[in-house]
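Values below: all heavy atoms of this structure, side chains included; hydrogens, waters and symmetry mates excluded. Letters go in sequence order (proteins before strands), and every chain restarts at 1.
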Amino acid sequence: MNDSRLHRLLRRGVTEIIVESELIELLETGRPLRLKIGFDPSAPDIHVGHSVPLRKLRQLQELGHTVVLIVGDWTAQIGDPSGRSRTRPMLTREQVMANAETYMAQFFKIIDPDRTETRFQSDWFGPFTLSDVIGLTSRFTVAQFLAREDFAKRYRANQPIAITELLYPLLQAYDSIAVESDVEFGGTDQKFNLLVGRDLQGMMGQRPQHCFITPLLPGTDGVQKMSKSLGNYIGIDELPNDVYGKTMSLPDSVVAAYIENATDVPDEEVEEMKRASADASADRMGMKKRLARELVAQFHGGAAALDAERRFERIVQGRETPDDLPVFDLPPNLEARRLSDVLVGAGMAGSAAEAKRLIDQGAVRIDDAPVAANIPASTLKSGAVIRAGRRRFVRLRGGG
RNA sequence: GGAGGGGUGGGUGAGUGGUUAAUACCACCAGACUGUAAAUCUGGCGCCCGGAAGGGCUACGUAGGUUCGAAUCCUACCCCCUCCA
């Protein structure tokens, strides 16, 4: 492997590698490595934030290494301690399988299934006994676990830490034993867990895994990390127009980080864009459009990316009416109804009060003409286009 | 086992008898602006009736009670947290 390729592989989209020098040596031996990554089957959607480590896995697969995907059907019951969530209800076998299927359909959009081994935690935790649990827990101390920033913070703030949460890193660590992991992948919030796996392997006579730690991307709010529960994510399974649009709604300040960590835009261009993003006169919108295209292309192909861009330029920038409008059939006895009723019926407003608010705020247009009042529905004509705000459209049909 | 603190709108979190559909912030929606769904500024942000003015209903863990009137007081219950053991 040449130096620039190695550099790209181990630096871009990477926060830290423990231990980097040893991992490089290992890579140079040419031995196929077992690359571990886990997922929690209670939250089966993959977003652009997850794609950062997955893209690294893909790059390593291309060098002949094997991905070991762990389905965390036991840890899912505990809940990820790095989140706010607590112990969760036990998932049934059927739920786990259904979620795993959903997850893998997305996972294999990035990862090569032919170089992937999928393992379920229940394979080894199913037969676990209490003495196995005690044996595992006896290897660590409370103080060691309280060193984890997340736990330490909550402990200081007098916030609860469930005992099962302390078990989470242990189970994850034991997974590394079970699959004989060489390298484990995770975001910066996973550092502690990855290290416990490394330690445990050493204690149990395995070669300690290396930890491949990737950055967490901010979500579409530009502040908090991308996550499904915060609703600030761009899912890799979303429709092209949504991926494009959500990307365009990113604050300009995070665009460079996305391009660096979640796309294959060449390094030189990335450096240039980083410089430009500090410059108010630079073409920031152009940068963001580039990012949006790159993301759509990754998940839906280049043609879809161009389509999404054209649509965005027409509908959002040009404020044109899209041609693929949903159709709404006007209900009978329009004489008794008003525009607000139609907005609710067409799903453009959640309640009559909201519909009236939209009208009052000047957000509603009929055939591009602003509507000043909650006019009677009998004045609405079949074929007319109602627009509410920037993104809600409907074409009327029937009635009269 | 003992002591104390707390449960408010999507989230955080004010509010201790009427002026509170409930401060503030976040999120969200809309408008303006920018040929970005960014940033910024402005407004909105429970539901129903009404063209509007306005009116009504529901809501502060649950169930009762006191009162002309309760998120605010009382009783019981449920749930959560901290500390001591």
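Considering only side-chain N and O atoms, A/Ser351 lies under 4.0 angstrom from the phosphate OP1 or OP2 of B/C47. Here A/Arg357 does not reach the OP1 or OP2 of B/G44: none of its side-chain N or O atoms lies under 4.0 Å away. For the pair A/Arg284 and B/A39, the criterion of a side-chain N or O lying under 4.0 Å from OP1 or OP2 is not met.
Counting any heavy atom pair closer than 4.0 Å across all strands shown, A/Asn374 reaches no nucleic acid atom. Within 4.0 Å of A/Gly318, counting heavy atoms only, lies at least one base atom of the nucleic acid. Across all strands shown, A/Arg314 has no heavy atoms under 4.0 Å from either base or sugar-phosphate atoms. When heavy atoms are screened at a 4.0 angstrom cut-off, A/Gly362 is found touching the sugar-phosphate backbone but no base atom.
When rounded to the nearest whole Å, the span between NZ of A/Lys356 and P of B/A30 equals 20 Å. For the pair A/Arg293 CZ and B/U36 C1', the interatomic distance rounds to 14 Å; values are reported in whole Å. Rounded to whole Å, the distance from CD1 on A/Ile359 to P on B/G51 is 12 Å. Here B/C29 presents its P atom at 15 Å from CE of A/Met348, a figure rounded to the nearest Å. Rounded to whole Å, atom C1' of B/A27 lies 14 Å from atom NZ of A/Lys246. We find that CG of A/Asp360 is positioned 16 Å from C1' of B/U42, with the value rounded to whole Å. Rounded to a whole Å, the CD atom of A/Gln317 is 16 Å from the P atom of B/C33. A straight line from CD of A/Glu238 to P of B/A37 spans 19 Å, rounded to a whole angstrom.
Toward the 5′ end of RNA chain B lies the nearest nucleotide of A/Thr247, the other residue of the pair A/Asp341 and A/Thr247 mapping further downstream. Comparing A/Gly350 and A/Gly389 by the nucleotide of RNA chain B whose heavy atom lies nearest to each, the residue mapping closer to the 5' end is A/Gly389.
Residues A/Phe192 and A/Pro169 are in side-chain contact: their nearest non-hydrogen atoms beyond the backbone lie under 4.5 Å apart.
For the residue pair A/Gln61 / A/Thr116, a side-chain donor-acceptor distance below 3.5 Å is found, with atom types taken as modelled.
With hydrogens and angles left out, the side chain of A/Arg391 and the base of B/A37 share a donor-acceptor pair within 3.5 Å. Judged by atom type and distance alone, A/Gln361 reaches the base of B/G43 through a side-chain donor-acceptor pair under 3.5 Å.
Comparing the same atom, P, in B/C81 and in B/U8 gives a spacing of 14 Å after rounding to whole Å. Taking atom P in both B/C25 and B/C78, the straight-line distance is 39 Å, to the nearest Å. Separating the C1' atom of B/U75 from that of B/U12 is a span of 32 Å, rounded to the nearest Å. Between B/A24 and B/G46, the distance separating the two P atoms is 13 Å to the nearest Å. Between the P atoms of B/C28 and B/A39, the separation comes to 9 Å (whole Å).
Of the candidate nucleotides B/U36, B/A32, B/C45, B/U36 has the atom lying nearest to any side-chain atom of A/Met285. Across B/G51, B/A37, B/C29, the shortest atom-to-atom separation from the side chain of A/Arg338 is found for B/G51. Nearest nucleotide to the side chain of A/Ala353, out of B/C48, B/G43, B/U36: B/C48. The nucleotide whose nearest atom lies closest to any side-chain atom of A/Arg319 is, among B/C29, B/U36, B/U34, B/U34.
Judged by distance alone, the side chain of A/Glu354 and the main-chain N or O of A/Gly350 form a donor-acceptor pair under 3.5 Å.
Checked against A/Glu184 for a salt bridge (Lys or Arg N to Asp or Glu O under 4.0 Å), the options A/Lys56, A/Lys36, A/Arg34, A/Lys191 give a single hit: A/Lys36.
Figure legend: A/Arg93 and A/Phe120 shown as a cation-pi pair, the cationic atom lying under 6.0 angstrom from the six-membered ring centre and within 45 degrees of its axis.
Comment: A/Glu294 engages A/Arg290 in a salt bridge, judged by a side-chain N to carboxylate O separation of less than 4.0 angstrom.
Ring geometry for A/Phe151 against A/Phe145 counts as parallel: the plane angle stays under 30°, on a 0 to 90° scale with 60° as the upper cut.
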